[in-house]
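Only one structure is covered here, and it is reproduced in the block below.
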Amino acid sequence: QVQLVESGGESVQAGGSLRLSCAISDSTGVTVSWAWFRQAPGKQREGVAAIDSDGATNYADSAKARFVISKDDAKNIIYLQMDSLKPEDTAMYFCAAFAGSWRSLMSRGLAPYAYSDWGQGTQVTVSS
């Protein structure tokens, strides 16, 4: 069983920064990749960034140069550092896990279909 618990979301002004955390509890030992997704009201869930157990990362175009995904293996936490936040970044942010490398996916880890385990989400609101 894989459990994911997100935290760190809050309301910030445009140009500000936030660091989201995803605490991982994995009794299966098979999870290889993790990703951050987001979903704004009335919109589809979209991939933001992915990372695998080797530390290889992939980013959506909207996240490149502003967001950084990282992992702390000792603490079993996945982070998403978000800088230069924009109002269009407002969304519920979810952490997800996949029992394989995102590099094996046609979506390069940024489509929801491959991910079997999800957290409950943390809300990020960016005001102008």
Side-chain angles (χ1 to χ4, degrees):
Q1 184 180 4
V2 179
Q3 293 183 326
L4 306 168
V5 180
E6 302 93 334
S7 62
E10 59 181 76
S11 296
V12 296
Q13 290 197 329
S17 298
L18 283 176
R19 188 178 76 163
L20 306 183
S21 299
C22 174
I24 303 163
S25 175
D26 183 6
S27 62
T28 66
V30 299
T31 302
V32 180
S33 294
W34 303 266
W36 285 98
F37 289 82
R38 66 186 183 186
Q39 188 167 19
K43 294 189 177 181
Q44 290 188 331
R45 190 167 296 189
E46 62 175 358
V48 176
I51 188 168
D52 69 11
S53 56
D54 291 331
T57 58
N58 190 36
Y59 295 90
D61 288 343
S62 60
K64 288 177 182 177
R66 297 190 301 127
F67 295 179
V68 176
I69 187 172
S70 62
K71 62 187 182 74
D72 185 326
D73 292 330
K75 295 182 179 179
N76 282 336
I77 296 177
I78 302 294
Y79 297 105
L80 184 68
Q81 177 67 40
M82 304 188 294
D83 298 321
S84 301
L85 283 163
K86 305 174 181 179
E88 50 264 44
D89 294 318
T90 295
M92 184 73 79
Y93 283 71
F94 298 89
C95 181
F98 167 52
S101 174
W102 63 261
R103 287 176 279 182
S104 68
L105 300 173
M106 289 289 288
S107 68
R108 308 294 285 169
L110 298 180
Y113 68 85
Y115 293 85
S116 55
D117 298 286
W118 294 81
Q120 82 291 349
T122 186
Q123 178 66 39
V124 172
T125 302
V126 184
S127 57
S128 57

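Note that the numbering runs from 1 along the sequence shown for the chain. Bear in mind the structure is a predicted one, so any value in this text is a computation, not a measurement.
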Got a second to check how far [X]'s [atom1] is from [Y]'s [atom2], nearest 0.5 Å?
{"X": "Ser7", "Y": "Tyr93", "atom1": "OG", "atom2": "OH", "value": "15.0 Å"}
{"X": "Gln13", "Y": "Leu85", "atom1": "CD", "atom2": "CG", "value": "11.5 Å"}
{"X": "Lys64", "Y": "Thr57", "atom1": "NZ", "atom2": "OG1", "value": "10.0 Å"}
{"X": "Gln3", "Y": "Ile24", "atom1": "CD", "atom2": "CD1", "value": "12.0 Å"}
{"X": "Asn76", "Y": "Asp26", "atom1": "CG", "atom2": "CG", "value": "8.0 Å"}
{"X": "Asp54", "Y": "Arg103", "atom1": "CG", "atom2": "CZ", "value": "5.0 Å"}

Taking all heavy atoms of [X] and all of [Y], pick out the closest pair and write down the distance.
{"X": "Ile51", "Y": "Trp102", "result": "C-CD1, 3.7 Å"}
{"X": "Ser101", "Y": "Val32", "result": "N-CG1, 4.0 Å"}
{"X": "Val2", "Y": "Ala97", "result": "CG1-CB, 4.1 Å"}
{"X": "Asp83", "Y": "Ser17", "result": "OD1-OG, 2.8 Å"}
{"X": "Asp52", "Y": "Lys71", "result": "O-CE, 3.1 Å"}
{"X": "Phe98", "Y": "Ser104", "result": "CE2-OG, 4.2 Å"}

Notebook entry, point to check: Among all residues two or more places apart in sequence or in another chain, which pass the side chain to side chain contact (heavy atoms under 4.5 Å, CB included) test with Ala14?
Noted result: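 Expected list: Pro87, Val126.
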Check: Got a sec, which pairs hit ring-ring contact (aromatic ring centres under 6.0 Å, His included) with one end in residues 37-58, sequence neighbours left out?
Finding: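 Matches after skipping sequence neighbours: Phe37-Tyr115, Phe37-Trp118.
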Next item on the list: Using a 4.5 Å cut-off on heavy atoms from C-beta on, say whether the side chain of Leu20 contacts that of Glu6.
Entry: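 Answer no - side chains too far apart.
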Check: side chain to side chain contact (heavy atoms under 4.5 Å, CB included) between Ile69 and Trp34: does it pass, once the steps are laid out?
Finding: CA-CA 10 Å; Ile69 187 172; Trp34 303 266; 5.7 Å; no
Side-chain heavy atoms under 4.5 angstrom apart, residues restricted to Ile, Leu, Val, Met, Phe, Trp, Tyr: same cluster for [X] and [Y]?
{"X": "Leu80", "Y": "Leu18", "value": "yes"}
{"X": "Tyr59", "Y": "Ile78", "value": "yes"}
{"X": "Val12", "Y": "Trp36", "value": "yes"}

Next item on the list: Scan residues 96-128 for pairs that pass disulfide bond (SG atoms under 2.5 Å apart), counting only residues two or more places apart or in two chains.
Entry: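 Listed by first then second residue: nothing to list.
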Checklist line | Pairwise disulfide bond (SG atoms under 2.5 Å apart) hits with a residue in residues 15-107, at least two apart | finding: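 Every disulfide bond (SG atoms under 2.5 Å apart) pair that includes a residue of residues 15-107, provided the two are not neighbours, is Cys22-Cys95.
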Next item on the list: Any pair with a residue in residues 39-48 that passes side chain to side chain donor-acceptor pair (under 3.5 Å), sequence neighbours left out, goes on the list, sorted by first then second residue, please.
Entry: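 For residues 39-48: Arg38-Glu46, Gln39-Arg45.
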Next item on the list: Verify, without hydrogens or angle tests, whether Gln81 (side chain) and Arg19 (backbone) share a donor-acceptor contact under 3.5 angstrom.
Entry: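 No.
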Check: Backbone N or O of Thr90 within a donor-acceptor pair of the Thr125 side chain at under 3.5 Å?
Finding: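 Checking the backbone N and O of Thr90 against the side chain of Thr125, no donor-acceptor pair under 3.5 Å is found.
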Check: Is Ile77 isolated, or which residues cluster with it under the ILVMFWY side-chain rule of less than 4.5 Å, directly or via members?
Finding: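 Once heavy-atom contacts under 4.5 Å are chained together, Ile77 belongs with Tyr79.
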Next item on the list: Give a yes or no on whether a salt bridge exists between Asp89 and Lys86, defined as a side-chain N under 4.0 angstrom from a carboxylate O.
Entry: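 Lys86 and Asp89: not salt-bridged.
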